Amino acid sequence: MSSPIKIIKLALAEDHFLLRESLRKLLNESEGISLVMSVSNGKELLDGIEKNSVEVVLLDLDMPVMNGKEALEILN
């Protein structure tokens with residue numbers, strides 16, 4: 001008997017639209033991953049995390065408004 005698949009709640013932060021949309025499509029098709037949010041900068045990520053529960057963040061470090069390093073320091 002196989003055990004149920006754990007669903008990982010993931011947030012994606014990437015400022016390049018085509019890359020973000022490509023990753024979003026791939027992640028949405030992946031078994032075991034629930035893409036909770038897809039945002040274009042660190043500020044949007046922090047705002048979204050306040051409203052959504054996530055376990056993993058796929059984070060671009062070089063973004064406008066608030067970069068990934070700044071967002072990560074606040075998340076830590």
Side-chain angles (χ1 to χ4, degrees):
M1 176 182 250
S2 63
S3 59
I5 296 173
K6 173 157 172 40
I7 304 296
I8 297 169
K9 296 178 184 176
L10 186 132
L12 169 64
E14 168 60 55
D15 62 319
H16 292 95
F17 178 78
L18 290 177
L19 179 56
R20 185 175 66 248
E21 286 302 299
S22 298
L23 288 170
R24 184 186 63 77
K25 287 180 182 181
L26 281 171
L27 292 167
N28 279 333
E29 294 173 0
S30 298
E31 190 174 335
I33 295 177
S34 172
L35 184 60
V36 175
M37 72 179 88
S38 175
V39 299
S40 64
N41 64 61
K43 171 105 174 66
E44 291 175 356
L45 175 69
L46 295 176
D47 291 345
I49 284 179
E50 288 181 5
K51 300 171 190 166
N52 299 289
S53 172
V54 299
E55 299 167 311
V56 175
V57 176
L58 185 56
L59 181 62
D60 181 5
L61 293 179
D62 185 23
M63 297 181 290
V65 182
M66 178 185 289
N67 67 41
K69 185 177 181 222
E70 293 168 324
L72 184 59
E73 288 173 357
I74 292 170
L75 288 173
N76 251 342

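Just so it is clear, the model here is predicted, and its values are computed rather than measured. Values below: all heavy atoms of this structure, side chains included; hydrogens, waters and symmetry mates excluded.
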Table please: side-chain donor-acceptor pairs of residues 63-76 below 3.5 Å, with sequence neighbours left out.
{"residue": "Asn67", "atom": "OD1", "partner": "Lys69", "partner atom": "N", "Å": "3.0"}
{"residue": "Asn67", "atom": "OD1", "partner": "Glu70", "partner atom": "N", "Å": "2.8"}
{"residue": "Glu70", "atom": "OE1", "partner": "Asn67", "partner atom": "N", "Å": "3.0"}

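A 4.5 Å side-chain heavy-atom check between Leu45 and Met37 finds at least one atom pair inside the cut-off. The shortest side-chain heavy-atom distance between Leu10 and Glu55 does not fall under the 4.5 Å cut-off.
The hydrophobic clustering, which links ILVMFWY residues whose side-chain heavy atoms are closer than 4.5 Å, places Leu35 and Leu58 together. Grouping the Ile, Leu, Val, Met, Phe, Trp and Tyr side chains by contacts below 4.5 angstrom, directly or via other members, places Ile33 apart from Ile7. At a threshold of 4.5 Å between side-chain heavy atoms, the hydrophobic network of Ile, Leu, Val, Met, Phe, Trp and Tyr places Ile8 and Leu27 in one connected group. Hydrophobic clustering of Ile, Leu, Val, Met, Phe, Trp and Tyr side chains at less than 4.5 Å, counting indirect connections, unites Val56 with Leu12.
The distance from atom CG of Leu19 to atom CG of Asp60, rounded to the nearest 0.5 Å, is 8.0 Å. The OG atom of Ser34 sits 10.5 Å away from atom NZ of Lys6, with the distance rounded to the nearest 0.5 Å. Note that NE2 of His16 and OG of Ser22 are 12.5 Å apart. Values are rounded to the nearest 0.5 Å.
The two residues Lys9 and Val36 come nearest to each other via the heavy atoms CB-CG2, 3.7 Å. The minimum heavy-atom distance linking Val57 with Val54 is given by the pair CG2-CG2, 4.3 Å.
Residues Lys43 and Asp47 are paired through a salt bridge, judged by an N-O separation under 4.0 Å between the basic side chain and the carboxylate.
Partners of Glu21 according to the salt bridge (Lys or Arg N to Asp or Glu O under 4.0 Å) rule, which considers only residues two or more places apart in sequence or in another chain, are Arg24. With sequence neighbours left out, the side chain to side chain donor-acceptor pair (under 3.5 Å) criterion links Ser40 to Glu44.
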